[in-house]
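A, B, ... follow the sequence lines: proteins, then strands. Residue 1 opens every chain. Only this structure's heavy atoms are used, side chains among them; waters, hydrogens and symmetry mates stay out.
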Amino acid sequence: MVEFEPKIIGFLCNWCSYAGADLAGVSRIQYPPNIRVIRVMCSGRVDPVIVLEMFADGADGILVMGCHPGECHYLEGNLYAERRIKMLKRLIACTGLEPERLRLEWVSAAEGSRFADIVTDFTNQLKSLGPSALAGEKPDENILSCVRAAERAAGTSRLRTLVGREKKLTEEENVYGEKVAQEEFDELMEESVKEEYLRSRIYLLAKDESISIEELTKHLSADSEIVLRHIVVMKRRGLLKMDRIEGDNPLYTALEAI
Amino acid sequence: MTEEKVGAILVVGGGVAGVQAALDIADSGFKAYLIDQSPSIGGVMAKLDKTFPTNDCSMCILAPKLVEAGRHPNINLITNAEITGLNGELGNFEVKIRKRSRYINEEKCNGCGSCAQKCPVEAIDTYNKGLSDRSAIYIEYPQAVPLKYIIDREKCIGCGICQEICKPGAVEYEQEDTEATLKVGSIILAPGFESFDARLKTEYGYGRFQNVVTSIEFERILNASGPYGGLILRPSDGEIPKKIAFIQCVGSRDAQLGNNYCSAACCMYSIKEAIIANEHVPIELERTIFYMDIRAYGKEFDAYYSRAREEYGVRFVRSRVANVEEDPLTNDLFVHYVEDGEPKTEEFDMVVLSVGMRPPKNVEKLAEVLGIKLNQYKFCQTDTFSPIETSKPGIFVCGAFAAPKDIPESVVQASAAAAKATATIASERGKLITIKEYPPERDVSLEEPRIGVFICHCGINIGGIVNVPEVVEHAKKLPNVVYAEDNLYTCSQDTQVRIREKIKEFNLNRVVVAACTPRTHEPLFRETLSEAGLNSYLFEMANIRDQCSWVHMHEPEKATEKAKDLVRSVVAKTRLLETLKKPVTSVIPVGLVIGGGLSGMTAALELTRQDFEVHLVEREKELGGHLRHIYYLPGSENPHEMLKSIIKDIHENEKISVHLNTEIVNVEGYVGNFRTTIRSDGNEKQIEHGIIVVATGATEYKPTEYLYGTDARVLTQHELEENLAKDRFSAKTVVMIQCVGARTKERPNCSRICCGHAIKNALKIKEVSPETEVYVLYKDIRTYGFKEDYYREAANEGVLFIRYDDEHKPKVTQENGKLMVLAWEPILKTWFPIEMGTLALSVAVVPNHDSERLARMLKVPLTKDGFFLEAHVKLRPLDFATDGIFLCGLAHWPKLIEESISQACGAAARAATILSKKTLEVEGIVSYVDEDLCVGCGLCISLCPYGAIEKDERGIARVKEVLCKGCGTCGASCPKRAITMRQFTDEQIIAQGLAVLRGAVCG
């Protein structure tokens, strides 16, 4: 049997990790040829939506690399990347895909061997994990719809606002001059991620055809009471409308985003 | 003098120093002639494999500079030529030159190389140091600039084949030497150095034993484009060596040979060669360096030295090797040496001699023609306070010809020489230059993408592993690719011409190059697009060398697949590229220099000599910085007199506004247009300027060890110096301890200047009180360059030097009022006590406490040790990565007076390349807000570290393009996804990824 060769997408910042990867080359440090690097100016450029898009399309692993904390060419872009990746891992955990398929690492321009070590390690880790459920000819439809929902959730302004403000709120202060405790924020984030993810799933399920709460409850293995609550919010936000009533079940359908 | 000056400068020598000087001159409004004896520029650096301490590939970082010099409209390259005469004076020199015949018409030769392939005569390849052969018609190296062949007339037998083969008809056997006269305003000498001829050191057997090679030969052996393709082989039998010895100080620190000086770079290059060597063999290589002192005195060099020992397993033996013998049967080598007083012999497969630097060949003739003085070693004569000036006004010096030195210091001096040379003719700025004009940009916005793909073999660097023709075929089939080809070197000058031709021929509107890294080569290709009338952002690179062929050397098939993926991925992005405009900004022709020490004052004065106004800001109430505490120098120069005269120059200079007792409060703006708030006595005021020079200096480590602060007899070297200068010295025994607070766990690096300082004070003691005993307890004595003379002088004067290591640090005690030190005697292996009247501590130089604050304001980085970190330690030592901010003096790293002056002048030259322009173009990769999507939440404004986003009157975010650095954090956070990061758009990045994952370019 041919050994499984994972497909890895690497997002490398231009100044440190891309230079580190170049240094690995200049130093002729050998590592497995599974990674395909996409150069970005800063790890802070890596939009969560892009990462999920790559997973949806069958990437076995994604490696985001930036400068070590304190060394970012753009001062703190890497720290924002760190928080986004943390949020992303929460989201991925909802989908059935293994969160360890996403990794964030710091590599400086002088760390060619560290770069090679990380790529080697990640490649081996993915080899033992096996192919992504979404890789190959027949991706797992169920997980795919989950990842698409996660992708949609990552694009919602709620999650993006929270992750964008996290650093300021937890490290500096909020508008009342108070610092939000990290644990408190984590709880809020965890809850928001789950809610936005579920709403995105509902939205996508209701997109193609009208669907009842009962069917949604089956698809999502969630309490009907919770599904109803989300539907109420989504109706208010103009994301869903009631299409028609079949028997005693109202059917809902998604609206095009405004 | 009423005669008009000439706005042109001659630079003699086309190594890295000469090239840098020429570029700085040409970029600040003057014409440069760059003359070299060789058929191509590049000098020694072009022959090196890697550079320390970053292990950057030498050619990779140098080639773009060479190409830039080769194509600069205001640099005239004159190769294979020499100077034969000089008339006139400063401002108006007439230089006679002789250009030797190449037997090739440079206008016609396209560098294709067919001639060399058919040439039946083989000659020794001097580029590869005689380890391989080349033909009689040749270029020095594959990336040669200019890429023009030459006939080696001594070897050529005149068969006539090359002329018959040459399609452009470039071969001219009848071509003769030509004479010419150049009119220039000033001259810069950068003729570099010659390697020491190791045959003169007969006991090491070079020239007799085949497996004894010089370090520069070893560089070529290590190099992938070297004689053995980057595999280390013994010249005698082609076997891979298992044990290699490196012998230091061959031709340096050798009074017998008359070369007493230290060659300054050999310790580091040997460590580098030893580290790198292991990567060039399939086995674990035993590497031993035989040395006297390891002189790792430069920025972060000691950390590199530690890594060599601890991580890379290089063995260091402190010993001067007596001689080398060969086993005539096996050609193995026996190295005889003495360690810890015991004679030893060890067998090696190969010996590398770390050869020192000698003055350039024919230097006496050059000095005679130009009328400049040489020093006792026949290097150029300079002074501490005028390290760039030769003895003749209007002629300046830089690089190794001034004193042995490494690459960054040569580059620093090159910029410094450019400052000096242009200052003498500042009135002539802009008079002799041609402004580079590009053809008008073709509007491609309505065209379907037509992509041309150029795939580089990089000699064998890529082509030896990746099947390049297969990648070309793959590229040809991709959507919108209308043309694809492979090149031996896509970066070479002839390929640039070719790319331009292909753009025209196939009406290309986007270009992809698959080669090395965009980090070094993207600017070059972008320029080529501009020259072809295409917007330079319609270009992308696929990195199939550094991130493919070099790292998957043993998996050629997989590497080829990866190269295809990378090319496909980049093509997918390229289809979506759009024309970008570069924002243009005006330039305020005023400089801000932060720090009023020697470096800051020098930088300020140099800027005024270039006719720019300067604000000089000093935190303290007087100018002078550290120099105020330097009372004497090892030579005859008087630092206090110099300081007084410099301060007088500053105060009398109408172009300089001095701000004493003043702090920087805030810095806003960007290159060309900075607005800085300064505060003095509680009053704040704003100044506007185009550039910033950081010259904030450093400070002395305050020791907590060795009873400093408890016993008044324990002093720092500065305190001892003050006592000596003020006649307050009386001790009968003085002990000096080196590396106090330096080369420790917390501060692993060397402070560079303390060895010299200790020796200066020791010599002074011997001068004022010859009977005083002086002991210097040291780890390594690091008197690099000509300062070695003072070390020898001190030893001759009876100063006792005793080495200690970390396990045997001196122990200082005070008993019954007696100040005692226990010192370790390494040969007798015993502790012995010394009672002393004075203990002088050579303390570390540490960064200023508020460097961090300033770094944050300027948005520039610091090193781990807390010194300011330049853009590139090798080739951009004076620039920060942020445009318009420059660095000099102790703020960069500990350094000597002459080094600070060189850096300050150099920083001024770098600044002048900006201040001399009326307008500047900045990068076009900036973000953009879609007004219809933005809801004005302000998140992007709080995330942008450069303050580049503001709300307009409608409350909608707007990007201030000249401030945007293009990181894209705003876009990745925007809740409404209203921000697009140009050149890195979501669509482009996703297309790149999907092309990899789907195995095809979609959409």
Side-chain angles (χ1 to χ4, degrees), chain A residues 5 7 9 11 13-15 18-19 21-42 44-50 53-54 57-59 70-77 80-81 84 109-110 112 116 135 155-161 163-165 168, chain B residues 50 54-57 60 224 230 276 279-280 516-519 543 545-555 558-559 561-562 565-566 569 856 859 861 881 925 935 937 939-940 942-943 945-946 965-969 971-977 981 984 986 989-990 992-994 996-998:
Chain A
E5 293 292 351
K7 278 187 185 170
I9 302 276
F11 291 103
C13 82
N14 181 63
W15 304 96
Y18 196 91
D22 282 346
L23 179 60
V26 170
S27 321
R28 310 295 193 280
I29 303 170
Q30 306 295 302
Y31 56 83
N34 300 67
I35 189 169
R36 304 288 181 266
V37 167
I38 295 176
R39 182 172 69 117
V40 289
M41 295 314 278
C42 179
R45 169 67 189 92
V46 182
D47 193 310
V49 174
I50 295 177
E53 175 81 31
M54 297 294 121
D57 245 273
E71 292 177 8
C72 176
H73 184 76
Y74 305 103
L75 305 183
E76 294 184 330
Y80 292 113
R84 278 188 210 117
T156 60
S157 81
R158 183 183 183 196
L159 294 188
R160 294 171 78 87
T161 303
V163 79
R165 285 274 186 238
K168 186 171 168 52
Chain B
K50 301 285 154 47
T54 48
N55 290 354
D56 272 318
C57 150
C60 305
I276 300 285
E279 297 164 12
H280 287 252
C516 51
T517 170
R519 289 173 51 254
N543 187 337
R545 189 190 68 183
D546 304 43
Q547 296 184 11
C548 187
S549 66
W550 276 353
V551 290
H552 313 308
M553 295 166 99
H554 313 303
E555 298 169 288
K558 286 180 178 172
E561 283 314 304
K562 178 168 173 178
D565 279 4
L566 293 174
S569 162
R856 260 203 307 278
K859 301 182 177 72
I925 301 178
V935 294
C937 75
L939 183 62
C940 52
S942 72
L943 294 184
Y946 304 101
K965 291 278 169 200
C967 67
T969 294
S973 297
C974 175
K976 289 290 164 192
R977 307 190 70 194
M981 185 60 238
F984 293 91
D986 286 0
I989 294 175
I990 289 172
Q992 234 182 319
L994 296 191
V996 164
L997 295 169
R998 296 183 179 170

>> Under a 4.5 Å cutoff for heavy-atom pairs, which residue among B:Ile925, B:Val935, B:Leu943 has the most contacts with chain A?
In response: B:Leu943
> With only heavy atoms counted, which part of A:Arg84 is less than 4.5 Å from chain B, the side chain, the backbone, both or neither?
Replying inline: side chain
>> Any heavy-atom pair between the side chains of B:Val996 and A:Met54 that's under 4.5 Å?
In response: no
> For chain B, which of A:Val46, A:Val49, A:Thr156, A:Val163 has the most heavy-atom pairs under 4.5 Å?
Replying inline: A:Val49
>> So which atom in B:Leu997 and which in A:Gly58 form the shortest heavy-atom distance, rounded to 0.1 Å?
In response: CD2-C, 4.2 Å
> If we ignore angles and hydrogens, is there a donor and acceptor under 3.5 Å between the side chains of B:Thr517 and A:Asp22?
Replying inline: yes
>> Counting only non-hydrogen atoms closer than 4.5 Å, does A:Leu159 touch chain B with its backbone (N, CA, C, O), its side chain (CB onward), both, or neither?
In response: neither
> Which answer fits A:Ala19, side chain, backbone, both or neither, if we ask what part of it has an atom under 4.5 Å from a heavy atom of chain B?
Replying inline: both
>> Given heavy-atom pairs under 4.5 angstrom as the criterion, report whether the side chain, backbone, both or neither of A:Pro32 touches chain B.
In response: backbone
>> If I measure from the heavy atoms of chain B, does A:Tyr74 come under 4.5 Å with its side chain, its backbone, both, or neither?
In response: both
> Taking every heavy-atom pair that is under 4.5 Å apart, which of B:Asp565, B:Val551, B:Asn543 has the most such pairs with chain A?
Replying inline: B:Val551
> Quick one: what part of A:Glu76 sits under 4.5 Å from any heavy atom of chain B, side chain, backbone, both or neither?
Replying inline: neither
>> Out of B:Pro518, B:Cys548, B:Cys516, return the one with the most heavy atom pairs under 4.5 angstrom to chain A.
In response: B:Pro518
>> Before you tell me yes or no, could you show the steps for A:Asp47 and A:Arg160 under side-chain contact (heavy atoms from CB on, under 4.5 Å), namely the whole-Å CA-CA distance, both residues' side-chain angles and the distance that decides it to 0.1 Å?
In response: CA-CA 10 Å; A:Asp47 193 310; A:Arg160 294 171 78 87; 2.8 Å; yes
>> Counting only non-hydrogen atoms closer than 4.5 Å, does B:Ile276 touch chain A with its backbone (N, CA, C, O), its side chain (CB onward), both, or neither?
In response: neither
> Which bit of A:Tyr18 is near chain B, if near means a heavy-atom gap under 4.5 Å: side chain, backbone, both or neither?
Replying inline: both
>> Restricting to side-chain contact (heavy atoms from CB on, under 4.5 Å), what partner residues turn up for A:Glu5, sequence neighbours left out?
In response: A:Glu3, A:Asn34, A:Lys127, B:Lys558
>> Heavy-atom pairs under 4.5 Å with chain A - which of B:Gln992, B:Met981, B:Gln547 has more of them than the others?
In response: B:Gln547
> At their closest point, which heavy atom of A:Tyr31 faces which heavy atom of A:Ala24, and how far apart are they?
Replying inline: CE2-CB, 4.1 Å
>> So for A:Leu23, is it side chain, backbone, both, or neither that comes closer than 4.5 Å to the heavy atoms of chain B?
In response: side chain
> Any donor and acceptor pair, going by atom type alone, linking the side chain of A:Arg45 with main-chain N or O of B:Phe984 inside 3.5 Å?
Replying inline: yes
> Taking every heavy-atom pair that is under 4.5 Å apart, which of B:Arg519, B:Glu561, B:Glu279 has the most such pairs with chain A?
Replying inline: B:Arg519
>> Using side-chain contact (heavy atoms from CB on, under 4.5 Å), reason through A:Trp15 and A:Met41 one step at a time and then give a plain yes or no.
In response: CA-CA 7 Å; A:Trp15 304 96; A:Met41 295 314 278; 4.0 Å; yes
>> Check this for me, if you would: do A:Asp57 and A:Lys7 make a salt bridge, where the nitrogen-to-carboxylate-oxygen distance has to be below 4.0 angstrom?
In response: no
>> Need one label for B:Cys937: side chain, backbone, both or neither, based on atoms under 4.5 Å from any heavy atom in chain A.
In response: backbone
> Does A:Arg28 reach the main-chain N or O of A:Gly25 with its side chain, forming a donor-acceptor pair under 3.5 Å?
Replying inline: yes
> Top residue by heavy-atom pair count (under 4.5 Å) with chain A, among B:His554, B:Arg998, B:Lys562?
Replying inline: B:Lys562
>> Assess, by modelled atom type and distance only, whether the side chains of A:Ser157 and B:Arg977 contain a donor and an acceptor separated by less than 3.5 Å.
In response: no
>> Between B:Glu555 and chain A, with a heavy-atom cut-off of 4.5 Å, which part of the residue counts as in contact: side chain, backbone, both or neither?
In response: side chain
